[in-house]
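Reading through the structure tokens given below for one structure.
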Amino acid sequence: MSNPVNGVDYLVDYYSILGVESNSTAETIKAAYKRLMKQWHPDRLHGLAPELLSRAEAKTELLNEAHVVLSDPEKRAAFDAKLHDWEKPISRDG
């Protein structure tokens with residue numbers, strides 16, 4: 001969830017990664033995840049420049065991480081609590 005980057009501790013907003021609101025239903029989250037995975041999946045983008053392919057791979061990792069957290073009610077509740085109390089920088093794009 002939070003990893004120091006250049007000495008700055010930040011939190012990735014999984015809702016922003018999936019492009020959904022924090023009050024979205026599980027179905028909305030799943031649909032957004034599937035739509036974005038189709039768009040960014042590295043197999044679909046095979047043949048692109050290596051830097052674009054690596055960007056797609058990084059994006060799919062973030063999408064998977066967001067989906068794992070937001071599709072599990074317990075993990076989502078813990079994330080929501082952490083997001084609510086977080087006072088440091090928040091990354092909206094990973």
N/O donor to acceptor pairs below 3.5 angstrom from side-chain atoms of residues 53-60, sequence neighbours left out:
from	atom 1	to	atom 2	distance (Å)
S54	OG	P50	O	3.4
S54	OG	E51	O	3.0
T60	OG1	A56	O	3.3
T60	OG1	E57	O	2.9

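R44 approaches K38 most closely through the heavy-atom pair CD-O, 2.8 Å. For S71 against V68, the heavy-atom pair with the smallest separation is OG-O, 3.6 Å.
Within the model, atoms NZ of K34 and CG of L18 stand 13.5 Å from one another, a figure rounded to the nearest 0.5 Å. Between R76 atom CZ and S24 atom OG the span is 6.5 Å, to the nearest 0.5 Å.
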**Message:** Is there a side-chain contact (heavy atoms from CB on, under 4.5 Å) between D80 and Y15? Walk through the geometry before answering.
**Reply:** CA-CA 10 Å; D80 287 344; Y15 295 107; 2.5 Å; yes
**Trace of the side-chain contact (heavy atoms from CB on, under 4.5 Å) decision for L36 with Q39** = CA-CA 5 Å; L36 289 167; Q39 178 182 344; 3.7 Å; yes
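Between Y33 and H67, the two ring planes are parallel [angle under 30°; tilted spans 30° to 60°].
The closest side-chain heavy-atom distance from E65 to I17 is not below 4.5 Å.
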